[in-house]
Amino acid sequence: MIEDYSLLGDQRGAALVRLDGSIDWLCMPRFDSAAVFNRLLGTAEHGFWQVAPAILPDNVSAPLPVRQYVGDTMVLETEWATESGTVKVTDFMVPGDEAPQVVRIVTGVQGQVAMRSLLRARPGYGRAAPRLEHLAEGQLAIELGEDGDGRLWLDSTKSVQADDGDIHADFTVVEGEQVSFVLSWREGTDSPPPQPAPDALLKYTLNHWTEWAARCTYTGAKRGTVIRSLLTLAALIYSPTGAIVAAPTTSLPEELGGIRNWDYRYAWLRDGAFIASVLARCGYLSEALAWKDWLVRACAGTPGRRQIMYGIDGEPDLPERVLPWLPGYEGSTPVRIGNGAAGHLQIDVYGEVADTLYEIALAIPDEAPGIAPLVVDLVTELETLWDQPDMGVWEIRGPRRRFTHSAIMAWAAVDRAVRLIELGYATGPLERWKALRETIHREVCENGYDAERNTFTQHYGGNALDASLLHAMLCGFLPPEDKRIIGTIEAVQNDLGTTSGLLLRYKTEGKHAGVDGLSGDEGHFLICTGWLAEALDRIGRPEEAAEVRDRLLSLRSDVGLLAEEYDPRTRRQLGNFPQGFSHLAVLRAVLTTVPASAGPERVPHLPALRAGTAS
């Protein structure tokens, strides 16, 4: 199952380790590098690296390991208790500026345990076996071929054998003994990396993450939960540029056997804005500023109209293609790399980015004079776009519509620009934009609101509902006590809620293409449930909010990770993993657990947002 995996990360690339000690996904040196271990989306023939007791996988007496992250870090420990003894495997990727490395340290805890390391690299997303070069005792070079610059180098404290493209080592560890494996990526093909010192790398990595977690300024309830989700979000940051990826995987399905399989290893402006906002609220202002700097650089490459996503270096071109040789996760095809949504028009992005920049500007006043003009630039661009049909927050692949959430977020963008101009941080056409703010507000209330049912609707002229309306209700468009806010929250909860206690994001049509232009169904999109908890808190229903929040938290894996969606029927996580949106939902749901009477002022650094004019 997807939740059987744990995440390793170095803030450049990522790996997923299954409960049985197998790394089934590895992109190195970057999140968007062609994976060299691909069993996640295929079979064992597409590459993996397992370090585990030497017991056949189909042996019913094989021990079930116990795993955990070490303290407040991204260092994973997996422990097996066998009939002959106990052994621990410590896995991590090394953060920093040096060549990327995956380190696996085997430690004998008690007795003796026969172990096996089997590394089957398949570069280019599993397309071919690499050429292996045996350099010295315990060291091999792995050619990446045309799908990757540089080489991989395996260093081991035990001798390794290479046969038919596989690298394996069989050994026994006794109590107190340690065996280490280090897989390094190095640019170029000739010079091996310096001889690794696994113990020193472990100490450095533990210190890095422990010090990062200690910077968190949140001291309230469920701090451990907050720290774990913050660490997960930190692992999605591409530290060389400040970009934040939506998830470190591609094509994990939203429906088992379905076609809703997308590549999330890129930097969405929306996702980055949401995550930068919550990082700033928890004291990580430097990370929020680094994201802002990446945003400026990335958007400079597409003057006229910014894209809704870019590559982690700011690349605008993310062509989408299918990898036909991979059979997909549990047969879910197609397996895609790249993302065609990069060319979408999604009006809501302007509001989400403007809102986060506004928060950062108020949190760091010294930065405000440099940040406020960015919001002005956004609204200058938005002036010619705000009333166009778009693909909306869910990136539909059907006909464009006037989505209500998009319109409300356009209002939010103009509102934040007006506020920054009024505060003296920027200059702009203040009176014209105040009038535009009122025009958008009036239009939404006239065309996006169903007075008979007392709810805003998914799009103008329709009667369907959408969980994104919950997010729209949180941006200050109307005061929380307004009957339309309360009515919309109740309507979404009733229409899209299920007996599982979770929310659908909107209703799909099974075999028929729905509003998103796609056939098939999906699981429950977890950020929607997080929005519901936040919205219920906002309107003064803390008991209901707590129930929703606790249900969301109960879905986390044993190591505190969440995928994009959850299927209550099969009790399985679905979609790309771990998903930034889902951990954002956890954080926002926990961070808003204060008395509703506090209103918007409860958010650190933020003044109360004035409600828009009621229509």
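For clarity, every value in this text was computed on a predicted model and none was experimentally measured.
Counting all heavy atoms, side chain and backbone alike, Q11 lies closest to A234 at NE2-O, 2.9 Å. Across every non-hydrogen atom of G328 and T333, the tightest pair is N-CG2, 4.2 Å. Between P123 and E143, the closest heavy-atom pair is CG-O, 3.7 Å. Of all the heavy atoms in P198 and F92, the pair that sits closest is O-CZ, 4.2 Å. Shown here for M28 and P100, the closest heavy-atom pair between the two residues is CG-CB, 3.6 Å. Across all non-hydrogen atoms, the minimal contact from I312 to T241 is O-OG1, 2.7 Å.
Q112 and T172 are not linked by any side-chain donor-acceptor pair at a separation below 3.5 angstrom, with hydrogens and angles left out of the test. R215 and S286 are linked by a side-chain donor-acceptor pair at a separation below 3.5 angstrom, with hydrogens and angles left out of the test. With no hydrogens or angles considered, a side-chain donor-acceptor pair links D567 and T570 at under 3.5 Å.
Sorted by first and then second residue, the salt bridge (charged side-chain N to carboxylate O under 4.0 Å, His left out) pairs involving residues 93-106 (not counting sequence neighbours) are D91-R104. The stretch residues 107-119 participates, sequence neighbours left out, in these salt bridge (charged side-chain N to carboxylate O under 4.0 Å, His left out) pairs: R116-D170.
Counting only distance, with no hydrogens or angles, the side chain of T82 and the backbone of G85 share a donor-acceptor pair below 3.5 Å. Checked by atom type and distance alone, the side chain of N38 pairs as donor or acceptor with a backbone atom of H46 at under 3.5 Å. Between the H583 side chain and the L562 main chain, a donor and an acceptor come within less than 3.5 Å of each other. Under a 3.5 Å cut-off, the side chain of T249 and the backbone N or O of N576 do not form any donor-acceptor pair. In this structure, S332 contributes its side chain and L256 its backbone to no donor-acceptor pair below 3.5 Å. Between the side chain of T107 and the backbone N or O of Q178 there is no donor-acceptor pair closer than 3.5 Å. Checked by atom type and distance alone, the side chain of R588 never pairs as donor or acceptor with a backbone atom of I527 at under 3.5 Å.
With F48 as the aromatic partner, R39 meets the cation-pi criteria of under 6.0 angstrom to the ring centre and within 45 degrees of the ring axis.
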task = Begin with the C-alpha distance, continue with both residues' side-chain angles, and end with the deciding distance and a verdict on side-chain contact (heavy atoms from CB on, under 4.5 Å) for W531 and L526.
result = CA-CA 9 Å; W531 284 336; L526 294 179; over 6 Å; no

key: Steps toward salt bridge (charged side-chain N to carboxylate O under 4.0 Å, His left out) verdict (R67, E77)   = CA-CA 5 Å; R67 61 184 179 176; E77 288 184 344; over 6 Å; no

message = I'd like to know whether I244 forms a side-chain contact (heavy atoms from CB on, under 4.5 Å) with W268, so could you lay out the CA-CA distance, the side-chain angles of the two residues, the decisive distance to 0.1 Å, and finally the verdict.
response = CA-CA 8 Å; I244 305 172; W268 272 254; over 6 Å; no

task = Take E315 and Y310 through the test side-chain contact (heavy atoms from CB on, under 4.5 Å) and record every step on the way to the result.
result = CA-CA 5 Å; E315 305 93 331; Y310 295 87; 5.8 Å; no

ask   = Does the pair E564 and Y264 meet the rule for a side-chain hydrogen bond (donor to acceptor under 3.5 Å, both in side chains), with working shown?
value = CA-CA 11 Å; E564 181 180 32; Y264 278 13; 2.7 Å; yes

request  = Carefully, step by step, assess D163 and H168 under the rule side-chain hydrogen bond (donor to acceptor under 3.5 Å, both in side chains).
outcome  = CA-CA 8 Å; D163 299 302; H168 58 87; 2.7 Å; yes

inquiry  = Would D10 and V94 count as a side-chain contact (heavy atoms from CB on, under 4.5 Å) here? Give the steps.
reply    = CA-CA 5 Å; D10 61 1; V94 184; 5.7 Å; no

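The only member of D155, I23, V103, L26 that meets side-chain contact (heavy atoms from CB on, under 4.5 Å) when paired with L183 is L26. Checking E330, E565, E3 one by one against R572, the side chain to side chain donor-acceptor pair (under 3.5 Å) holds for a single residue, E330. Tested against W49 for a side-chain contact (heavy atoms from CB on, under 4.5 Å), the candidates V102, V17, L118, I167 yield a single pass: V102. Just one of R18, R122, R120 meets the salt bridge (Lys or Arg N to Asp or Glu O under 4.0 Å) condition when paired with D24; it is R18.
Here W294 and Y238 keep their ring centres 6.0 angstrom or further from each other. F581 has its ring centre less than 6.0 Å from the ring centre of F274.
Ion pair E177/K158 flagged as a salt bridge, since at least one NZ, NE, NH1 or NH2 atom sits closer than 4.0 Å to an Asp/Glu carboxylate oxygen. Under 4.0 Å is where a charged nitrogen must lie from a carboxylate oxygen, and between E255 and R260 no such pair does.
Here the straight-line distance linking atom CD of Q573 with atom CD1 of I2 works out to 7.5 Å at 0.5 Å rounding. For the atom pair CD of E287 and OG of S239, the computed distance is 10.0 Å after rounding to the nearest 0.5 Å. For the atom pair CG of D317 and CD of Q307, the computed distance is 7.0 Å after rounding to the nearest 0.5 Å. In this structure, L140 CG and E133 CD are separated by 9.0 Å, a value rounded to the nearest 0.5 Å. Atoms CE and CG, on M74 and L206 in that order, are 12.5 Å from each other to the nearest 0.5 Å. Interatomic distance, I275 CD1 to L236 CG, rounded to the nearest 0.5 Å: 6.0 Å.
Residues S6 and L16 are not in side-chain contact: their nearest non-hydrogen atoms beyond the backbone lie 4.5 Å or more apart. At least one side-chain heavy atom of W153 sits under 4.5 Å from a side-chain heavy atom of R186. Side-chain contact between L19 and Y5 is absent, with no heavy atoms from C-beta onward closer than 4.5 Å. Between R30 and R265 there is no side-chain heavy-atom pair separated by less than 4.5 Å. For the pair L40 and L252, the minimum side-chain heavy-atom distance is below 4.5 Å. The closest side-chain heavy-atom distance from R12 to P29 is not below 4.5 Å. At a threshold of 4.5 Å between non-hydrogen side-chain atoms, the residues E79 and T86 count as touching. You'll find the side chain of T250 stays beyond 4.5 Å of the side chain of W262, heavy atoms only.
Within a 6.0 Å radius of CZ in R571, other residues, nucleotides and ligands contribute 12 heavy atoms or fewer.
Ring orientation note: the planes of W209 and W212 are nearly perpendicular, at an angle over 60° on the 30°/60° scale. Using a 30° and 60° split on the angle between ring planes, F525 and W394 fall in the perpendicular class, above 60°.
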